[in-house]
There are 2 protein chains.
Amino acid sequence: MSTNPEIIEQRLKASGHRLTKTRKALLNTLISSARPLSIEDMGAQLKVQGIAVNKTTIYREVDFLLKQKLLEEVRLDPERRYYEFALGTHHHHIRCLSCGAIEDVSSTALEQATKQVKAGTMYQVIDHMMEFAGLCPACQR
Amino acid sequence: MSTNPEIIEQRLKASGHRLTKTRKALLNTLISSARPLSIEDMGAQLKVQGIAVNKTTIYREVDFLLKQKLLEEVRLDPERRYYEFALGTHHHHIRCLSCGAIEDVSSTALEQATKQVKAGTMYQVIDHMMEFAGLCPACQR
DNA sequence: GTACGTGCAAATACTTTGCAGATAA
DNA sequence: TTATCTGCAAAGTATTTGCACGTAC
């Protein structure tokens with residue numbers, strides 16, 4: 001099995017693109033993040049790493065990585081767009097409305113339900129999105 | 001069983017609000033729409049009905065109706081926010097990535113899956129969102 | 001060397017706010 | 001009458017674009 005860096009490098013090269021320092025740092029940040037990141041989050045994290053990247057560049061880079069299917073958008077909350085590395089295992093999220101904590105949700109029931117929707121519609125289903133929100137254990141008190 | 005207009009009027013009055021001409025027209029538009037509407041959509045539809053409403057007013061009105069739980073936000077597509085009348089039956093949507101058509105998806109499997117997620121998490125689940133996207137029959141050709 | 005990538009400034013799009021006048025109850 | 005509602009202008013944000021320079025390959 002190939003590792004993420006190999007797959008990434010291969011995809012980029014195949015389309016005549018480069019693995020620049022900025023791009024590499026951004027991808028690493030996204031890959032190692034425990035939760036989806038907003039544009040603002042990415043800028044902040046890169047800054048902490050000593051790599052100041054212009055916001056315009058991050059917008060463009062996210063756009064590019066989405067097209068390369070290396071990133072996917074997560075609609076966790078209507079206010080902000082979040083992005084997540086796309087080569088991990090498929091999963092959904094639950095977000096705490098009070099403190100903003102985010103956890104992965106993986107459920108075979110969800111995957112089965114998705115299959116049923118696919119079977120029951122005349123559409124060719126290409127994408128689906130499911131997110132949950134509520135109160136985390138700590139915030140319920 | 002009470003009709004929508006009655007419930008609406010009751011809720012508004014209860015909180016000291018009014019059923020103005022603009023508000024009534026906007027609600028009717030949303031209630032009778034076959035699909036969720038964006039802010040822009042609402043403005044256009046009202047205009048067609050001969051009721052020109054300022055965009056600021058629509059933003060404020062949507063905000064207000066969301067707080068009154070008469071409207072809910074539908075995240076059909078990351079580019080735009082859509083809203084739907086909230087007193088109908090609970091359902092989800094599938095959207096055609098090619099022509100933008102939108103259909104309702106109702107699936108007992110989805111509801112069961114939601115229950116399983118609720119049962120399997122320590123979170124108190126308050127909200128969930130599921131949307132599908134793909135190609136409608138016509139666009140598959 | 002050349003096409004891709006980046007930063008900066010400016011443009012555009014989207015949404016919110018402040019305030020004065022209009023209107024439902 | 002009076003608190004809610006509305007429109008207009010302006011302020012804030014978020015996102016995109018143009019262009020010149022920088023850099024991976």
Side-chain angles (χ1 to χ4, degrees), chain A residues 5-6 8-30 36-47 49-68 70-71 73-83, chain B residues 5-6 8-30 36-47 49-68 70-71 73-83:
Chain A
E6 282 168 356
I8 292 167
E9 198 150 356
Q10 182 186 326
R11 284 208 196 175
L12 293 180
K13 296 286 166 60
S15 52
H17 295 289
R18 298 168 188 168
L19 198 52
T20 61
K21 181 182 136 197
T22 297
R23 181 166 289 162
K24 201 180 290 186
L26 182 57
L27 273 165
N28 282 336
T29 300
L30 284 155
L37 300 177
S38 67
I39 298 284
E40 206 183 338
D41 292 338
M42 297 177 208
Q45 298 235 4
L46 288 171
K47 198 167 188 178
Q49 296 170 41
I51 305 167
V53 179
N54 189 281
K55 193 172 274 189
T56 300
T57 301
I58 301 179
Y59 273 107
R60 266 190 294 228
E61 197 56 29
V62 164
D63 219 54
F64 170 78
L65 295 173
L66 285 170
K67 285 201 187 94
Q68 299 292 317
L70 290 173
L71 229 56
E73 179 159 3
V74 182
R75 275 166 276 175
L76 275 178
D77 121 40
E79 307 304 317
R80 216 175 299 278
R81 297 178 179 192
Y82 292 89
Y83 304 89
Chain B
E6 282 170 355
I8 292 166
E9 198 151 357
Q10 181 186 327
R11 284 208 195 174
L12 293 181
K13 295 287 166 60
S15 52
H17 295 287
R18 298 169 189 169
L19 198 52
T20 61
K21 180 183 137 195
T22 297
R23 182 166 289 161
K24 201 180 290 187
L26 182 57
L27 273 165
N28 282 336
T29 300
L30 284 156
L37 301 177
S38 67
I39 298 283
E40 206 182 338
D41 292 337
M42 297 176 209
Q45 298 235 4
L46 289 171
K47 198 167 188 178
Q49 295 170 40
I51 305 167
V53 180
N54 189 281
K55 193 171 276 191
T56 300
T57 301
I58 301 179
Y59 273 107
R60 266 190 297 227
E61 198 55 29
V62 165
D63 220 54
F64 170 78
L65 295 173
L66 285 171
K67 286 201 186 96
Q68 300 292 317
L70 289 173
L71 228 55
E73 179 160 2
V74 181
R75 275 166 277 174
L76 274 179
D77 117 41
E79 308 304 317
R80 216 173 299 277
R81 297 178 180 194
Y82 292 88
Y83 303 88

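In this text, all values refer to a predicted model and were calculated from it rather than measured experimentally. The sequence lines fix the lettering, A, B, ..., with proteins before strands; numbering per chain opens at 1.
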*asked:* Quick check on the helix from C:dG1-D:dC25 to C:dA25-D:dT1: what's the angle between its two end axes, five base pairs per end, to the nearest 10°?
replied: 40°

*Find the distance B:Glu61:CD to C:dT15:C1' and express it as a whole number of Å.*
16 Å

*Among the nucleotides D:dT6, D:dA9, C:dG7, which one has an atom lying closest to any side-chain atom of A:Val53?*
C:dG7

_List the residues meeting side chain to side chain donor-acceptor pair (under 3.5 Å) with B:Lys21, not counting sequence neighbours, and say none if there are none._
none

_Show me the pairs that pass salt bridge (charged side-chain N to carboxylate O under 4.0 Å, His left out) and involve residues 9-19 of chain B, at least two apart or across chains._
B:Glu9-B:Lys13

_Residue closer to the 5' end of DNA chain D, B:Glu79 versus B:Gly16 (nearest nucleotide)_ = B:Gly16

_Partners meeting side chain to side chain donor-acceptor pair (under 3.5 Å) with B:Ser38 (sequence neighbours left out)_ = B:Asp41

_Interatomic distance where CD belongs to A:Gln68 and C1' belongs to C:dC4 [whole Å]_ = 12 Å

_Among D:dC5, C:dG5, D:dT16, which nucleotide has an atom closest to any side-chain atom of B:Arg23?_
D:dC5

*Find the distance B:Ile58:CD1 to D:dC5:P and express it as a whole number of Å.*
16 Å

Close N or O pairs between protein and nucleotides 13-15 of chain D (under 3.5 Å):
from   : atom 1 : to      : atom 2 : distance (Å)
D:dT15 : OP2    : A:Tyr59 : OH     : 2.4
D:dT15 : O5'    : A:Tyr59 : OH     : 3.2

*Counting N and O atoms only, with roles assigned by atom type, does the side chain of B:Arg80 sit under 3.5 Å from a partner on the main chain of B:Ile39, one being a donor and the other an acceptor?*
no

Sequence neighbours left out, cut at 3.5 Å: what donor-acceptor pairs do the side chains of residues 54-65 of chain A make with other protein atoms?
from    : atom 1 : to      : atom 2 : distance (Å)
A:Asn54 : OD1    : A:Thr56 : N      : 2.8
A:Asn54 : OD1    : A:Thr56 : OG1    : 3.2
A:Glu61 : OE1    : A:Arg23 : NH2    : 3.3
A:Glu61 : OE2    : A:Arg23 : NE     : 2.3
A:Glu61 : OE2    : A:Arg23 : NH2    : 3.3
A:Asp63 : OD2    : A:Lys67 : NZ     : 3.3

*Identify the two heavy atoms, one from B:Pro78 and one from A:Arg75, that lie closest to each other, and give their separation to 0.1 Å.*
N-NH1, 3.7 Å

*Spacing between A:Phe64 atom CZ and D:dT17 atom P, to the nearest angstrom*: 17 Å

_Short side-chain N/O contact to D:dG7 OP1/OP2 from B:Thr57, under 4.0 Å_ = yes

*Can you list the residues that meet the side chain to side chain donor-acceptor pair (under 3.5 Å) rule with B:Asp77, with sequence neighbours excluded?*
none

*Considering all heavy atoms of both residues, which atom of B:Leu66 and which atom of B:Leu71 are nearest to each other, and what is their separation?*
CD2-O, 3.3 Å

*Between B:Leu65 (CG) and D:dT6 (C1'), how many Å, whole number?*
15 Å

*Do NZ/NE/NH1/NH2 and the carboxylate oxygens of A:Arg81 and A:Glu40 come within less than 4.0 Å?*
no

_Whole-Å distance separating the NZ atom of A:Lys24 from the C1' atom of C:dG5_ = 15 Å

*Heavy-atom distance under 4.5 Å between the side chains of A:Leu26 and A:Val53, does that happen here?*
no

*Rounded to the Å, how far apart are B:Asn54 CG and C:dC14 P?*
16 Å

*How many Å lie between CG on A:Leu46 and C1' on C:dG5, as a whole number?*
15 Å

*Nearest listed nucleotide, side chain of A:Arg60, among C:dT16, C:dT6, C:dA9*: C:dT6

Between protein and nucleic acid, restricted to nucleotides 22-25 of chain D and to nitrogen or oxygen atoms under 3.5 Å apart, what atom pairs and distances do you find?
from   : atom 1 : to      : atom 2 : distance (Å)
D:dT23 : O2     : A:Arg18 : NH1    : 3.2
D:dA24 : N3     : A:Arg18 : NH1    : 3.4
D:dA24 : N3     : A:Arg18 : NH2    : 3.3

*How long is the gap from CG on B:Leu27 to CG on B:Leu70, to the nearest 0.5 Å?*
6.0 Å

*Non-neighbouring partners of A:Glu73 that pass side chain to side chain donor-acceptor pair (under 3.5 Å), sequence neighbours left out*: none

